[in-house]
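Read through the structure below, which is laid out as structure tokens, and then see the notes.
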Amino acid sequence: MGRLYIETVHDSGGEGGEGRVRKIFKCKWCKVEFASYYDILSKEFQGRFGRAYLFRNVVNISLGPSEERLLVSGWHTVCDIYCTSCQQILGWKYEKAYEESQKYKEGMYILEKERMLKEG
């Protein structure tokens with residue numbers, strides 16, 4: 001088996017400088033970092049396990065196979081996303097949206113609030 005590569009989240013938002021609190025989301029099970037608070041596009045989403053957030057960028061994830069899924073907002077092609085370290089499901093990635101009004105989600109990620117911890 002190969003070596004596990006874990007990337008550090010670049011927390012680029014907020015006030016710069018030393019002493020600034022990092023606002024990072026981590027895996028609930030293994031505590032690996034996967035997203036910055038400043039990459040949230042919306043907190044108004046619903047996932048399998050309750051509330052979910054839409055992110056523009058995440059790290060330390062692996063993608064499952066693409067599949068067509070009927071979601072609250074219509075049909076989408078999505079891939080489930082898993083923690084690279086512990087393989088727990090975290091949410092999904094929007095690959096394709098069929099409704100014109102939903103195209104902004106393409107390439108974005110849904111992370112389930114229930115499956116992550118917030119630091120900072």
Side-chain angles (χ1 to χ4, degrees):
M1 213 164 127
R3 184 176 221 177
L4 183 62
Y5 175 75
I6 301 296
E7 189 173 338
T8 301
V9 170
H10 297 288
D11 190 19
S12 59
E15 298 296 321
E18 288 187 34
R20 181 172 62 93
V21 176
R22 291 178 73 223
K23 294 183 179 181
I24 300 295
F25 291 97
K26 297 180 173 189
C27 177
K28 181 178 178 178
W29 291 271
C30 68
K31 315 301 187 276
V32 165
E33 298 179 354
F34 53 75
S36 169
Y37 172 83
Y38 302 105
D39 280 326
I40 295 175
L41 293 175
S42 175
K43 294 181 178 181
E44 303 298 322
F45 280 78
Q46 186 68 30
R48 291 182 188 102
F49 306 102
R51 290 191 57 196
Y53 298 163
L54 182 68
F55 286 83
R56 79 183 90 218
N57 187 41
V58 297
V59 296
N60 301 321
I61 56 133
S62 57
L63 297 174
S66 294
E67 62 180 55
E68 303 288 317
R69 204 176 283 168
L70 181 58
L71 302 172
V72 173
S73 57
W75 283 99
H76 299 271
T77 302
V78 299
C79 302
D80 285 334
I81 57 177
Y82 301 88
C83 176
T84 299
S85 177
C86 69
Q87 298 303 306
Q88 288 288 329
I89 190 165
L90 301 173
W92 63 85
K93 179 182 180 183
Y94 286 103
E95 294 288 319
K96 181 177 170 87
Y98 295 98
E99 301 284 332
E100 193 62 38
S101 65
Q102 302 301 308
K103 294 282 187 189
Y104 74 96
K105 296 177 186 174
E106 292 181 349
M108 304 297 170
Y109 302 86
I110 289 290
L111 294 174
E112 307 252 4
K113 186 177 177 186
E114 168 65 28
R115 304 184 82 72
M116 58 186 175
L117 300 172
K118 184 179 174 188
E119 175 185 288

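It should be emphasised that the depicted structure is a prediction, and the values quoted were computed from it without experimental measurement. Residue indices begin at 1 and follow the sequence shown.
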> Does Lys96 pair with Glu68 as a salt bridge, N-O distance under 4.0 Å?
Replying inline: no

> To the nearest 0.5 Å, what is the distance between CZ (Arg69) and OG1 (Thr77)?
Replying inline: 10.5 Å

>> Main chain of Gly120, side chain of Arg22: is a donor-acceptor contact present, judged purely on distance under 3.5 Å?
In response: no

> Can Val59 be reached from Val32 by stepping across I, L, V, M, F, W or Y side chains whose heavy atoms are under 4.5 Å apart?
Replying inline: no

> Does Glu95 reach the side chain of Cys79, with side-chain heavy atoms less than 4.5 Å apart?
Replying inline: yes

> Is there side-chain contact between Ser62 and Gln87, with heavy atoms separated by less than 4.5 Å?
Replying inline: yes

> In Å, rounded to the nearest 0.5 Å, how long is the span from CZ of Phe45 to OG of Ser73?
Replying inline: 7.0 Å

> Are any of the side-chain heavy atoms of Lys105 and His76 separated by less than 4.5 Å?
Replying inline: yes

> Rounded to the nearest 0.5 Å, how far apart are SG of Cys27 and CG of Leu117?
Replying inline: 7.5 Å

>> Can you tell me which residue among Ile40, Leu90, Val58 is in a side chain to side chain contact (heavy atoms under 4.5 Å, CB included) with Phe25?
In response: Ile40

> In Å, rounded to the nearest 0.5 Å, how long is the span from CD of Glu119 to NZ of Lys31?
Replying inline: 11.5 Å

>> If I compare all heavy atoms of Gly47 with all of Ala52, which pair ends up nearest, and what's the gap?
In response: N-CB, 3.9 Å

> Is it the case that one hydrophobic cluster holds both Phe55 and Tyr38, taking links as side-chain heavy atoms less than 4.5 Å apart, direct or via other members?
Replying inline: yes

> Picking from Leu63, Leu111, Asp80, what satisfies side chain to side chain contact (heavy atoms under 4.5 Å, CB included) with Trp92?
Replying inline: Asp80

>> Test of understanding: clusters of I, L, V, M, F, W, Y form through side-chain heavy atoms closer than 4.5 Å, transitively. Do Met108 and Ile110 belong to the same one?
In response: yes

>> Taking the basic N atoms (NZ, or NE/NH1/NH2) and the acidic carboxylate oxygens, is any pair closer than 4.0 Å for Lys103 and Glu106?
In response: yes

> Is it true that Leu70 and Val78 fall in one hydrophobic cluster, defined by side-chain heavy atoms closer than 4.5 Å?
Replying inline: no

>> If hydrophobic clusters are built by linking Ile, Leu, Val, Met, Phe, Trp and Tyr wherever their side-chain heavy atoms come under 4.5 Å apart, do Met116 and Ile61 end up in the same one?
In response: yes

> Roughly how far, to the nearest 0.5 Å, is OH of Tyr82 from CZ of Arg115?
Replying inline: 10.0 Å

>> Can you give me the closest heavy-atom contact between Ala35 and Val9, atom names plus distance?
In response: N-CG2, 3.6 Å

> Is it true that a side-chain atom of Glu112 and a backbone atom of Arg48 form a donor plus acceptor pair closer than 3.5 Å?
Replying inline: yes

> At what distance, to the nearest 0.5 angstrom, does CD1 of Ile6 lie from CG of Asn60?
Replying inline: 4.5 Å

> Considering residues, nucleotides and ligands other than Tyr53, do more than 12 of their heavy atoms fall under 6.0 Å from its OH?
Replying inline: yes

